[in-house]
Number of protein chains: 2
Amino acid sequence: MHESLTIGQLSARSGVAPSALRFYERLGLIHAQRTGGNQRRYARSELRRVAFIRISQQVGISLDEIRAALDSLPASRTPTASDWARLSSVWRERLNERIRLMTKLRDDLDSCIGCGCLSLQRCALYNPGDSLGGEGPGARLVLPRTEGEPEVDVRAS
Amino acid sequence: MHESLTIGQLSARSGVAPSALRFYERLGLIHAQRTGGNQRRYARSELRRVAFIRISQQVGISLDEIRAALDSLPASRTPTASDWARLSSVWRERLNERIRLMTKLRDDLDSCIGCGCLSLQRCALYNPGDSLGGEGPGARLVLPRTEGEPEVDVRAS
DNA sequence: CTTTGAGTTGAAGTGAACTTCAACTCAAGG
DNA sequence: CCTTGAGTTGAAGTTCACTTCAACTCAAAG
């Protein structure tokens with residue numbers, strides 16, 4: 001009866017807009033069968049893929065990287081629990097790194113609030129190796145990629 | 001001698017590209033005097049503004065919101081330490097919330113790796129913890145992009 | 001003075017992740 | 001059969017945060 005899902009159903013159950021699902025398909029992140037009338041029919045396993053995509057995005061991973069990760073899943077068989085576990089554990093590292101960076105930023109910000117200085121030299125908020133930079137055009141990630149070596153010093157205002 | 005900075009100097013000292021500084025100026029985030037030859041000269045206090053902007057971005061705040069925050073600084077006088085501290089402490093709340101969410105996501109992901117399931121009902125990755133209402137899983141995305149009412153349930157793959 | 005490197009402008013381009021649109025077709029109830 | 005809501009397409013539009021470009025001018029060293 002409901003062995004396959006329409007795009008509307010997949011959208012409703014995943015919380016992802018139909019337009020986004022079509023977009024994901026164009027990028028090769030998900031796949032669909034077609035009916036005689038050319039409409040998409042999704043296997044239930046696609047729901048899990050969509051779940052993985054959304055979770056990955058929350059971890060701060062680009063669709064491009066997510067696609068690469070999904071491509072590493074076995075094409076021949078339906079992914080098993082351990083397949084998903086393997087992917088997730090990689091994301092876990094990323095997430096931990098992000099948490100570490102944000103925590104450091106918060107602590108640095110705390111000490112800056114203490115003195116109200118924003119004197120980046122002393123407070124090390126600009127301390128390179130953790131943050132700043134970003135090369136090339138295009139949108140910035142909310143949390144920066146590593147690199148950059150500014151010499152910041154705002155002692156005299 | 002260096003009571004004011006050229007755009008190249010401000011760029012070097014802040015680690016922000018000149019094009020970005022001009023862009024910030026267009027958005028009203030920073031300000032510059034002009035020389036007779038129409039070149040920008042920045043007061044040293046602008047360095048602190050740029051510092052605040054970059055830190056704010058790392059906290060995950062949009063330029064639009066940053067502008068709003070900067071607009072709340074007194075226009076008449078040079079901002080004091082406590083002015084900056086006031087702004088920073090607001091950001092600190094945001095940062096803490098983000099850390100909290102990331103940490104929860106990591107913990108949820110951990111439990112998912114344990115069973116490798118990504119079965120969002122059981123692993124609660126999609127469950128905000130309390131609002132599992134009614135029949136079936138009333139599960140939702142933890143951080144929905146837009147509004148919506150997804151009912152996620154991937155039990156059968 | 002000449003050269004060179006730094007600065008100026010507005011307009012257009014970039015990349016990510018989508019959404020919106022117009023102009024259709026398909027599927028199901030009455 | 002007819003209507004209606006759901007689905008189809010490619011192309012274009014949107015937002016954010018910038019960068020790149022062309023075509024200049026300015027500032028300082030030699």
Side-chain angles (χ1 to χ4, degrees), chain A residues 1-2 4-30 32-42 46 50 53-68 70 131-145 148, chain B residues 1-2 4-30 32-42 50 53-68 70 141 143-148:
Chain A
M1 211 153 189
H2 46 100
S4 69
L5 304 167
T6 67
I7 195 168
Q9 290 166 336
L10 182 59
S11 172
R13 292 184 88 76
S14 67
V16 175
S19 63
L21 293 174
R22 295 195 194 96
F23 177 69
Y24 290 166
E25 187 176 329
R26 264 205 343 264
L27 297 191
L29 286 138
I30 59 177
Q33 308 302 116
R34 294 304 180 111
T35 65
N38 198 37
Q39 295 197 353
R40 288 171 181 83
R41 284 304 123 91
Y42 296 95
E46 291 303 291
V50 175
I53 293 165
R54 296 311 265 203
I55 290 167
S56 301
Q57 285 189 306
Q58 285 181 57
V59 179
I61 293 162
S62 70
L63 291 183
D64 217 52
E65 273 193 279
I66 295 170
R67 191 190 42 69
L70 287 172
S131 58
L132 258 188
E135 305 279 318
R140 252 84 241 257
L141 287 176
V142 173
L143 286 188
R145 315 129 179 176
Chain B
M1 198 159 185
H2 46 103
S4 67
L5 305 166
T6 66
I7 195 168
Q9 290 167 335
L10 182 58
S11 173
R13 292 184 88 76
S14 67
V16 175
S19 62
L21 293 173
R22 295 195 193 96
F23 176 69
Y24 290 165
E25 187 175 331
R26 268 213 328 273
L27 298 190
L29 286 134
I30 59 177
Q33 309 301 115
R34 294 302 180 113
T35 65
N38 198 37
Q39 295 196 351
R40 289 170 180 83
R41 285 304 122 92
Y42 296 95
V50 176
I53 292 164
R54 295 310 264 205
I55 290 166
S56 302
Q57 286 190 305
Q58 286 181 59
V59 180
I61 293 161
S62 70
L63 291 183
D64 216 52
E65 272 193 281
I66 295 171
R67 191 189 40 70
L70 286 171
L141 283 171
L143 288 176
R145 287 255 144 143
T146 34
E147 286 308 313

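What you see is a predicted model, and the numbers here were worked out from it, not measured in a lab. Quick note on labels: first sequence line is chain A, next is B, and so on, each numbered from 1.
Between Thr35(A) and Arg26(A), it is Arg26(A) whose nearest contact on DNA chain C lies nearer the 5' terminus. Each of Gly36(B) and Leu63(B) lies near DNA chain D, and the nucleotide nearest Leu63(B) is the one positioned closer to the 5' end.
Residue Leu21(A) contributes atom CG, which lies 10 Å from atom P of dC18(C) at whole-angstrom precision. The CG-P distance, from Asp64(B) to dT15(D), rounds to 12 Å in whole Å. Here dC16(D) presents its P atom at 10 Å from CG of Leu27(B), a figure rounded to the nearest Å. The separation between Ile53(A) atom CD1 and dA16(C) atom P is 16 Å, rounded to whole Å.
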Tabulated below should be each protein N or O lying under 3.5 Å from an N or O of nucleotides 2-8 of chain D; please produce it.
| unit_1 | atom_1 | unit_2 | atom_2 | d |
| --- | --- | --- | --- | --- |
| dG7(D) | OP1 | Thr6(A) | OG1 | 3.1 |
| dG7(D) | OP1 | Gly8(A) | N | 2.8 |
| dT8(D) | OP1 | Arg40(A) | N | 2.5 |
| dT8(D) | OP1 | Arg40(A) | NH1 | 3.1 |
| dT8(D) | OP2 | Arg22(A) | NE | 3.3 |
| dT8(D) | OP2 | Arg22(A) | NH2 | 3.4 |
| dT8(D) | OP2 | Arg40(A) | NH1 | 3.2 |
| dT8(D) | O5' | Arg40(A) | NH1 | 3.4 |
| dT8(D) | O3' | Arg34(A) | NH1 | 3.4 |

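For the side-chain contact (heavy atoms from CB on, under 4.5 Å) test, residues two or more places apart in sequence or in another chain that qualify with Ser19(A) are Ala17(A). A search for salt bridge (charged side-chain N to carboxylate O under 4.0 Å, His left out) contacts involving Arg67(B) returns Asp64(B), Asp71(B), not counting sequence neighbours. Listed by chain and number, the residues in a side-chain contact (heavy atoms from CB on, under 4.5 Å) with Arg26(A) are Phe23(A) (sequence neighbours excluded). Listed by chain and residue number, Ile30(A), Ala32(A), Arg34(A), Arg40(A), Tyr42(A) satisfy the side-chain contact (heavy atoms from CB on, under 4.5 Å) test with Glu25(A) (two or more places apart in sequence, or in another chain). Residues passing the salt bridge (charged side-chain N to carboxylate O under 4.0 Å, His left out) test with Arg22(A), sequence neighbours excluded: none.
Here dC18(D) is the nucleotide among dC18(C), dC18(D), dA27(C) with the atom lying nearest to any side-chain atom of Tyr24(B).
OP1 or OP2 of dC18(C) has at least one side-chain nitrogen or oxygen of Arg54(A) nearer than 4.0 Å.
Side-chain contact between Arg54(B) and Val16(B): present, with at least one pair of heavy atoms (C-beta onward) separated by less than 4.5 Å.
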